[in-house]
Every structure is written in C-alpha cells, then in structure tokens.
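In the text below, chain A, chain B and the rest are named by the order of the sequence lines, each starting its count at 1. We use all heavy atoms of the structure for the numbers below, so side chains are in, but hydrogens, waters and symmetry mates are not.
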There are 2 protein chains.
Amino acid sequence: MDKKEQIINAAVQVFAKQGLNKGKIADIAIQAGIGKGTVYEYFKSKDEIFQAIENIFISDTLDYVEEIESSNDSSTKKIEKICNISLDLHSQMDDSMLIIAELWAQNTRGQLQGHDSTLFVGMYNDYFDIVSRILKAGVRQKEFRKMNVKGVATALLAMLDGIIWQSLIFTNDKEFSRRKTAAIKAFMNGIII
Amino acid sequence: MDKKEQIINAAVQVFAKQGLNKGKIADIAIQAGIGKGTVYEYFKSKDEIFQAIENIFISDTLDYVEEIESSNDSSTKKIEKICNISLDLHSQMDDSMLIIAELWAQNTRGQLQGHDSTLFVGMYNDYFDIVSRILKAGVRQKEFRKMNVKGVATALLAMLDGIIWQSLIFTNDKEFSRRKTAAIKAFMNGIII
DNA sequence: AAATTCCGACCGACCGGTCGGTCGTTTATA
DNA sequence: TATAAACGACCGACCGGTCGGTCGGAATTT
C-alpha cells in the first residue's frame with residue numbers, strides 16, 4: 001500500500017479515538033506499523049496530516065455527490081441518495097466525522113484569526129450548487145413542487161448536517177434512528193408533487 | 001462579580017479563541033484579571049471548567065426554549081421564535097458555539113472523565129419534546145397542516161443545528177445570511193396551513 | 001480605639017510529565 | 001558500495017497543576 005495513504009488511514013483511526021490533540025504521532029506510527037521518524041518522511045508536521053485528512057474528506061464528498069448528479073436517476077432518486085449519505089454515514093465514516101467536527105472548529109477559529117480557509121466554504125458552495133441544480137431540474141420535470149430553490153437547498157443541507165451532528169451523540173439509539181428516517185421522509189413529502 | 005462566573009466568562013473567551021486544548025489556564029487567569037493559582041481555588045481542573053461551560057449552555061438553552069413554550073404566542077410564533085435562535089445566534093453567542101462543537105466531539109468520544117454524556121442527549125430529548133408539543137398543538141389549532149410530528153420535529157432541530165454549524169464557517173457572508181432566512185421560510189411554508 | 005491575632009483568598013515560581021519534531025545510525029535497495 | 005528509506009532515542013518547549021508564602025481585613029484582646 002502507498003505509505004502516505006497508510007499513514008493517513010492510521011491517523012484517522014487515532015484522531016477519531018483520541019481527538020486531534022491527544023492523538024499522538026507516536027500512536028499513528030504504531031497504528032501504521034512503522035517508526036515515528038518515518039511519519040516525518042511523508043509529512044512535514046502534524047498540521048500537514050490534518051490538512052491531508054481534510055482534503056481527502058472534501059474531495060471524496062464532492063466526488064460522491066457529483067457522481068450522483070451525473071447519474072441517470074430521477075431527481076427524486078438523486079435527492080434521496082444524497083439524503084442517504086447522512087443516514088448511512090454512521091456505519092461508514094463516523095470515525096472521520098468526529099475529526100471533521102474538530103477540523104471545522106479549528107478552521108472557523110483560523111478564520112477569526114484572519115487565516116484563509118476557503119476549503120470548507122468552497123466545498124459547501126459546490127455542494128449547494130449541485131443540490132440546487134437537482135432541485136431546479138426536478139421542478140422543471142414536474143417531480144417537485146414549485147419552490148424557492150435556494151431556501152430549500154439550504155434547508156436540506158442544513159438538515160443533513162444536523163442529522164450527522166446529532167447522530168454523533170445518539171449512537172446506537174434505535175428511536176433516534178427512526179426519527180432520522182421520519183425527518184427525511186417529512187422533507188421529501190414537502191417537496192415532491 | 002461572582003468570581004466563579006468571572007472565571008467562566010474568561011474561559012469562554014479564551015477557549016473560543018484558542019480552542020479547548022490550546023487555551024491555557026494561565027491565559028484564563030490573565031483574562032479574568034486574577035492569578036493562575038486562584039483559578040484552582042474555584043475549579044479542581046481544566047476539565048471541570050469545561051463541564052461548567054457545558055452545564056451553563058445546556059440549562060440556558062432549555063430555559064430559553066421552555067420560556068417560549070409557556071408564552072401566550074400562537075404556535076406559529078413559537079416555532080418562529082425557536083428558529084430565530086439559530087438566526088440570531090451569531091451575534092449573541094457564537095463564541096460559545098465553537099466551544100460547544102468541541103465539547104460535543106469530546107463527549108462523543110467519551111473522553112471527559114467523570115462526565116455524564118447523557119447531558120447533551122437529555123437536552124436534545126427535552127428540546128425535541130418541547131418542539132413536538134408545540135407542533136402538535138399547532139396542528140390541533142389548525143395553524144399547521146397534518147404532519148408526522150416526530151419527523152418534522154427532528155427535521156426542524158436538525159436544520160437549526162445545521163444552520164448554526166454552517167454559520168460558523170460562513171461568518172459575515174451576506175449571501176449565506178439570505179440563504180438561512182430563505183431556508184427557514186421554506187420550512188415554515190411547508191408546515192403552515 | 002489601638003494593638004494583636006487570625007483567617008483565607010490570592011498569588012506565581014516551580015515541578016514533572018508530555019509530545020512534536022530532529023538527527024545520527026541502521027537497514028534495505030539499486 | 002552508494003543511495004535512499006526507515007528508525008527510535010533524544011531534546012526541549014510547553015503547560016496543567018501544586019504549594020509555600022503574602023497580605024488585607026475581620027475578630028479579639030488590651
């Protein structure tokens with residue numbers, strides 16, 4: 001396996017379990033089955049590892065959503081698929097979500113201090129544009145009711161984020177699992193003709 | 001001013017700016033205008049300061065929402081007021097939101113010793129129950145359409161969280177500000193008769 | 001009311017553990 | 001054998017938490 005990737009995978013595991021700060025480079029090395037010094041052959045600093053994780057998350061997310069958009073599914077199906085990312089997420093990538101939460105906070109803080117942090121913002125705007133286009137197409141094709149596309153797109157993205165956010169503390173809560181599904185169904189009912 | 005409160009206020013400022021880990025007890029002391037040792041006269045550890053902040057956030061939030069519920073406003077007005085918490089939040093308490101984001105992640109990880117992670121969960125369930133009751137009353141009074149109350153309540157809470165979450169990175173973005181308002185309007189249109 | 005004792009809030013120098021990052025050495029590879 | 005890759009002991013900055021000491025004022029004694 002590519003060693004850089006191997007280190008990133010180890011880092012995700014360690015950071016998810018320990019947090020960005022408590023997660024030690026030494027632990028990452030152990031987890032990756034290599035020496036600590038080797039980590040520094042591939043990354044200049046701990047910060048650079050954070051960056052790498054963030055970049056992968058962002059490009060993975062966008063790739064996935066773009067793939068959905070360019071498929072031949074109906075608009076309804078496309079939106080449903082996007083919703084399912086949040087529903088399924090727990091089984092698939094909740095490790096990285098914990099990390100993203102912290103990176104997000106760090107990012108915001110960087111912004112406050114004047115750092116340039118267009119990455120997350122850019123991802124959001126791209127995501128928003130894609131969802132907006134799908135919604136607009138759905139309206140045109142009479143799948144969805146007439147709507148304020150920007151408003152609905154924002155509401156949808158916010159809801160999906162919120163669900164992920166809440167899923168973090170409601171791990172393994174059957175009742176919450178049902179609520180999530182009901183929420184998305186309620187949303188779909190609100191837009192589908 | 002009560003010194004404990006004074007320390008907590010200083011801590012919120014410091015942690016919001018530096019993060020939970022980088023925020024130093026020494027800085028809190030300086031910010032509070034007291035000596036470092038004095039901090040430890042009022043709090044046993046840094047962790048205990050985290051918990052104090054978390055407790056205040058939770059009880060403030062619930063107090064506020066309970067106050068809205070028990071008012072004489074129409075159900076529509078009540079839901080609108082709850083939505084406005086997320087909209088206005090930025091000007092009022094965005095400092096603490098950054099901290100809450102990190103505490104939330106820590107909580108999930110179960111890293112805080114002696115910390116009862118049912119606090120956030122409990123707050124959410126209470127919040128959910130209150131919103132559900134308001135929605136149900138609104139339906140009964142023919143203000144709202146018939147709906148799956150659990151689904152809509154979950155969707156609403158998730159959307160509000162998501163908006164806060166996104167607001168963190170879209171600071172001072174006029175366009176996003178408009179999107180937020182449009183999102184909430186879209187939601188209200190979906191439920192009001 | 002002056003002098004003395006007592007109290008505890010306040011302080012910050014210091015200690016000890018931690019961990020990111022370095023670098024000289026060892027091992028693998030070409 | 002030369003070059004590159006891997007390694008982990010080591011360094012030192014950093015910071016949470018401690019503790020012996022200070023000091024202003026309240027209580028008590030004279």
**OP:** Mark up nucleotides 6-23 of chain C, 5' to 3', with B wherever a protein heavy atom is under 4.0 angstrom from a base atom, S wherever such an atom reaches only the sugar-phosphate, and - elsewhere.
**Re:** ----BBB------SBBB-
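- Counting only distance, with no hydrogens or angles, the side chain of R145(B) and the backbone of G190(B) share a donor-acceptor pair below 3.5 Å.
- Remark: K77(B) does not engage E143(B) in a salt bridge, criterion side-chain N to carboxylate O under 4.0 Å.
- Distance check, rounded to the nearest 0.5 Å: CD1 of I79(B) to CG of L160(B) gives 9.0 Å.
- I30(A) and I25(A) end up in different hydrophobic clusters when Ile, Leu, Val, Met, Phe, Trp and Tyr side chains are linked at under 4.5 Å.
- Salt bridge annotation for K81(B)-E67(B): absent, with no cationic side-chain nitrogen under 4.0 angstrom from a carboxylate oxygen.
- Using bins of under 30°, 30° to 60° and over 60° for the plane-to-plane angle, the ring pair W104(A)/F120(A) lands in the tilted bin.
- Side chain of K78(B) to backbone of G138(B): no donor-acceptor contact under 3.5 angstrom is found.
- Each end of the helix from dA1(C)-dT30(D) to dA30(C)-dT1(D) yields a helix axis from five base pairs, and these two axes differ in direction by 10° (to the nearest 10 degrees).
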